[in-house]
Amino acid sequence: MDKTKIENEHDVQRMLYSLIRPIFPDARLEVVDDAGYASVRYDIVLDEYGI
């Protein structure tokens, strides 16, 4: 049996996006580069709802 391994918040964000995308097909990932320690943040954007 394969297990899903969650190591950090990026894994959670990708999993959440894969769950939201079938319900909201226009959802998109907005990548925000942060200068601190080479971190990258992924925001899930729903333009239709302004969020």
Give the cluster check for Tyr49 versus Leu16: same hydrophobic cluster or not, with ILVMFWY residues linked at side-chain heavy-atom distances below 4.5 Å.
yes
inquiry  = If you define the side chain from C-beta out and look only at heavy atoms, does anything of Val45 sit under 4.5 Å from Ile51?
reply    = no
Could you pull out every donor-acceptor pair under 3.5 Å between side chains of residues 20-29 and any protein atom, sequence neighbours left out?
| residue | atom | partner | partner atom | Å |
| --- | --- | --- | --- | --- |
| Arg21 | NH1 | Pro25 | O | 2.6 |
| Arg21 | NH1 | Ala27 | O | 2.5 |
| Arg21 | NH2 | Pro25 | O | 3.4 |
| Arg28 | NE | Asp47 | OD2 | 3.2 |
| Arg28 | NH2 | Asp47 | OD1 | 3.3 |
| Arg28 | NH2 | Asp47 | OD2 | 3.4 |

For Arg14, the side chain to side chain contact (heavy atoms under 4.5 Å, CB included) test, sequence neighbours excluded, returns His10, Asp11, Tyr42
For Met15, the hydrophobic cluster (side chain heavy atoms closer than 4.5 Å, chained through members) also holds Ile6, Val12
